[in-house]
Amino acid sequence: MDRRQFIKTTAAGAASAALASCGVKGGKPQSEGTMEMRTNPINGDKVSLLGYGCMRWQMIKDEEGRDIIDQDSVDELVDMAIASGVNYFDTSPAYLQGQSEKASAAALNRHPRNSYFLATKLSNFRNWSREASMKMYYDSFDVMETDYIDYYLLHNIGRGGFEAFSRRYIENGMMDFLLAQREKGKIRQLGFSFHGSQPEFDAMLATHDTYKYDFVQIQLNYVDWKHADGVRNVNADYLYDKITALGLPIVVMEPLQGGALANLPRSIAQQLKERDPDASAASWAMRFVGTHPGVLTVLSGMTYQEHLEDNLSTFTGFKPLSEAELDFLERLATTMKEYPTVNCTACNYCMPCPWGVDIPGTFQHYNRAVGEGDFPQNPQQKDFARLRRRYLLSYDRAVESLRQASHCIGCKECLTHCPQSINIPAELHRIDRYIEKIRREG
Ligand code: SF4
Ligand code: SF4
C-alpha cells in the first residue's frame with residue numbers, strides 16, 4: 001500500500017482519537033508520543049496544540065487558466081493531519097479568493113463532524129452593511145455544509161481603529177446578532193483576531209465585560225514577543241498577559257512571522273543548527289509558542305506535506321523549551337531586530353561598483369560578526385573595548401579601506417543587479433553608521 005492509499009484508508013473510517021498516537025510520516029511512525037493537546041478553559045474542548053491554518057492551500061490552474069485550490073492535495077493533507085491528531089481547522093470567507101471555506105470543508109466533511117473543530121470568521125472588511133454581513137455569516141454555513149461553527153471570529157480587529165470595529169459589528173447590529181447565535185448554539189465560541197496597536201487592543205479588551213469573548217487570536221512568535229513594531233502589532237508578551245489574566249485561551253497566528261522565522265538569515269540559521277543540528281528553524285519557533293500554557297492552538301498554514309511533517313514532529317511528543325533555550329531565542333530575536341543581517345549570497349552580480357566599494361565583502365564581514373553574536377554593541381557591554389578593537393581590525397583586513405561602506409555615494413547603479421532585491425546603498429549606509437558609532441565610542 002503506498003502512502004496515498006495509506007492515508008485514505010486510515011482517514012476513511014477511523015476516528016481521529018484512535019489515530020492520534022500514530023504520528024504519521026509518509027505512512028510510518030514518525031515521532032514518539034502523541035499529539036500535544038490543550039484544554040479550553042472556557043468549555044473543556046480538547047484541542048490539538050497544532051492547528052491548521054487554511055489560508056495557504058496549494059493553487060493550480062483550471063482548464064480556463066483560473067487559479068483554483070488543488071482539492072486532492074487538500075484532502076490528502078487534511079486526512080494526514082486528522083490521522084495524526086490535529087483537530088482544529090481555521091478558515092475564512094476571505095482566504096484564497098473566497099475558496100478556502102469550501103475546499104477545507106470538502107476535505108473535512110469526509111470525517112465525522114465531532115472529530116474536529118471548525119473555525120471561521122466574519123470577514124466583512126469591505127462591506128460591513130448588515131445585509132452583506134448577514135449574507136457572509138449564513139453563506140459560511142451553506143458553503144461548509146455545517147449547522148454549527150465551533151470557533152467564530154470577528155476578523156482582523158485593530159485595523160482602522162476602534163471606529164472600524166464599531167462600524168463592522170456594533171452599529172450594524174451584527175454583534176447582538178452573533179451573541180444571539182452563540183446563545184442558540186450556532187456559534188460555540190465567539191472571539192476576535194487582532195492586528196493593531198496597544199490602544200486599540202486595550203479598547204477592544206475593555207469590551208469583554210459586555211460581550212464575554214471566549215477566546216482571542218493574536219500574532220505571537222519569538223521575535224514579536226518583545227520586539228513587535230508597535231504599529232501593526234503589539235509585543236506578544238503584553239497581549240498574552242492581558243488575555244490570560246481574563247482567563248481566556250489564545251489562538252496563535254503567525255508563529256513563523258509570515259515565514260520569516262523558517263527562512264532566517266544564514267548567520268542566525270547557523271546558530272540554531274549549531275545548537276541542535278536536527279531541528280528545523282521552524283521547529284524552534286513552534287516550540288517557543290507551544291511552551292506558553294495559555295496557548296490553546298498554534299495555527300500553521302501548511303501548504304505542502306513537508307511543512308505538515310515538520311510540524312507533526314514538533315507537536316507529537318512535544319518538548320517545551322527550557323529557560324536556557326528561551327534565553328537563547330531572545331538573544332537571537334534581539335540581534336535580528338537591532339542588527340538585521342543582509343541576505344547577501346555573495347553572487348557578485350552587483351560588482352564592480354563604479355566607486356570601488358566591495359559590496360559583498362562588506363556585507364559578509366558584517367553578517368559574520370552579527371551571526372557569531374560576539375560583536376561590539378555599546379560601551380556598557382562587557383569586554384566592549386576588546387570586541388571593538390577586534391571588529392575594526394577584522395573589517396580592515398576583510399575590506400580594504402578605500403573599498404569600505406563609507407565610500408558608497410548612493411548612486412544606486414548596483415540596485416537593479418541584485419537578485420535578492422537588497423537595497424544595497426541603504427544597507428551599506430546602515431552598516432557604515434554602525435561602524436562610525438563603534439569608532440567614535442572608542
Ligand atoms: S550605490 Fe553605492 S555601492 Fe551601489 S554602485 Fe553606487 S556607490 Fe557603489
Ligand atoms: S548582487 Fe546582491 S546578493 Fe549578489 S553580491 Fe551583490 S548584494 Fe550580494
Side-chain angles (χ1 to χ4, degrees), residues 221-223 227 229 254 256-275 277 280-282 284-285 303-304 306-307 329 331-377 387-442:
N221 54 64
Y222 67 82
V223 173
H227 308 278
D229 66 17
E254 302 293 358
L256 300 178
Q257 213 187 31
L261 302 184
N263 297 296
L264 292 162
R266 266 177 296 283
S267 52
I268 301 287
Q270 197 180 332
Q271 290 188 62
L272 290 174
K273 273 287 161 217
E274 278 164 15
R275 188 116 186 176
S280 66
W284 279 97
T303 309
Y304 300 107
E306 55 265 34
H307 302 152
L329 286 187
R331 281 200 303 279
L332 287 191
T334 305
T335 304
M336 277 190 266
K337 244 5 219 194
E338 288 182 22
Y339 301 93
T341 51
V342 187
N343 208 19
C344 172
T345 59
C347 68
N348 274 310
Y349 293 165
C350 55
M351 296 293 281
C353 156
W355 295 88
V357 178
D358 180 356
I359 301 168
T362 303
F363 290 157
Q364 299 287 300
H365 175 266
Y366 172 80
N367 282 352
R368 201 175 312 116
V370 172
E372 284 162 6
D374 200 11
F375 64 104
Q377 294 174 42
L387 295 176
R388 174 185 167 279
R389 195 167 51 249
R390 195 183 63 180
Y391 182 90
L392 294 175
L393 272 176
S394 68
Y395 184 43
D396 287 342
R397 269 194 221 114
V399 184
E400 285 172 42
S401 63
L402 285 176
R403 306 191 66 200
Q404 293 185 352
S406 57
H407 292 274
C408 170
I409 63 155
C411 70
K412 300 188 179 168
E413 275 206 27
C414 51
L415 270 184
T416 52
H417 302 294
C418 180
Q420 305 296 324
S421 304
I422 296 167
N423 186 338
I424 296 171
E427 292 291 2
L428 287 170
H429 291 163
R430 176 174 69 82
I431 292 170
D432 187 47
R433 280 197 301 278
Y434 161 71
I435 290 166
E436 278 310 303
K437 176 171 160 279
I438 295 299
R439 283 195 212 281
R440 274 200 313 275
E441 284 170 346

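Atoms within each ligand, like the ligands themselves, are counted from 1 in listed order. Heavy atoms only: backbone and side chains are in, while hydrogens, waters and symmetry mates are out.
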Inset, instruction - Answer with yes or no whether the side chains of Asp396 and Gln404 bring together a donor and an acceptor at under 3.5 Å. - result: yes
Inset, instruction - Note the single closest protein heavy atom to atom 1 (S) of ligand 1, along with its residue, its atom name and the distance in Å. - result: Lys412 N, 3.1 Å
Inset, instruction - Could you find the nearest protein heavy atom to atom 2 (Fe) of ligand 1 and give me its residue, atom name and distance? - result: Cys408 SG, 2.4 Å
Inset, instruction - Could you confirm whether Cys353 has any N/O/S atom lying under 2.8 Å from atom 8 (Fe) of ligand 1? - result: yes
Legend entry - Heavy atom of the protein closest to atom 6 (Fe) of ligand 1 (residue, atom name, distance): Cys411 SG, 2.3 Å
Inset, instruction - For ligand 1, note which part of Leu428 has a heavy atom under 4.0 Å away: side chain, backbone, both or neither. - result: side chain
Legend entry - Minimum heavy-atom distance between Ile422 and Leu415, given as atom pair plus value: O-CD2, 3.7 Å
Inset, instruction - Provide, to 0.1 Å, the distance between atom 7 (S) of ligand 2 and the closest protein heavy atom, together with that atom's residue and name. - result: Ile424 CD1, 3.7 Å
Inset, instruction - Compare all side-chain heavy atoms of Lys437 with those of Arg440 and state whether any distance is below 4.5 angstrom. - result: yes
Legend entry - Smallest separation among heavy atoms of His365 and Tyr395, with atom names: NE2-N, 3.2 Å
Legend entry - Sub-6.0 Å ring centroid separation between Tyr366 and Tyr339: no
Legend entry - Which atom of Phe375 lies closest to which atom of Ala369, heavy atoms considered: CD2-O, 3.6 Å
Inset, instruction - Could you tally the protein N/O/S atoms lying less than 2.8 Å away from atom 4 (Fe) of ligand 2? - result: 1
Inset, instruction - Could you tell me which atoms of ligand 1, counted from 1 in the order shown, lie closer than 4.0 angstrom to a heavy atom of Pro354? - result: 5 (S)
Inset, instruction - Could you tell me whether the side chain of Val357 reaches within less than 4.5 Å of the side chain of Arg403, counting heavy atoms only? - result: no
Legend entry - Distance-minimising heavy-atom pair for Ile438 and Arg388: O-NE, 2.9 Å
Legend entry - Closest approach of any protein heavy atom to atom 4 (Fe) of ligand 1, naming residue and atom: Cys414 SG, 2.3 Å
Inset, instruction - Taking all heavy atoms of Cys350 and all of Ile424, pick out the closest pair and write down the distance. - result: CB-CD1, 3.8 Å
Legend entry - Minimum heavy-atom distance between Ala333 and Tyr222, given as atom pair plus value: CB-O, 3.5 Å
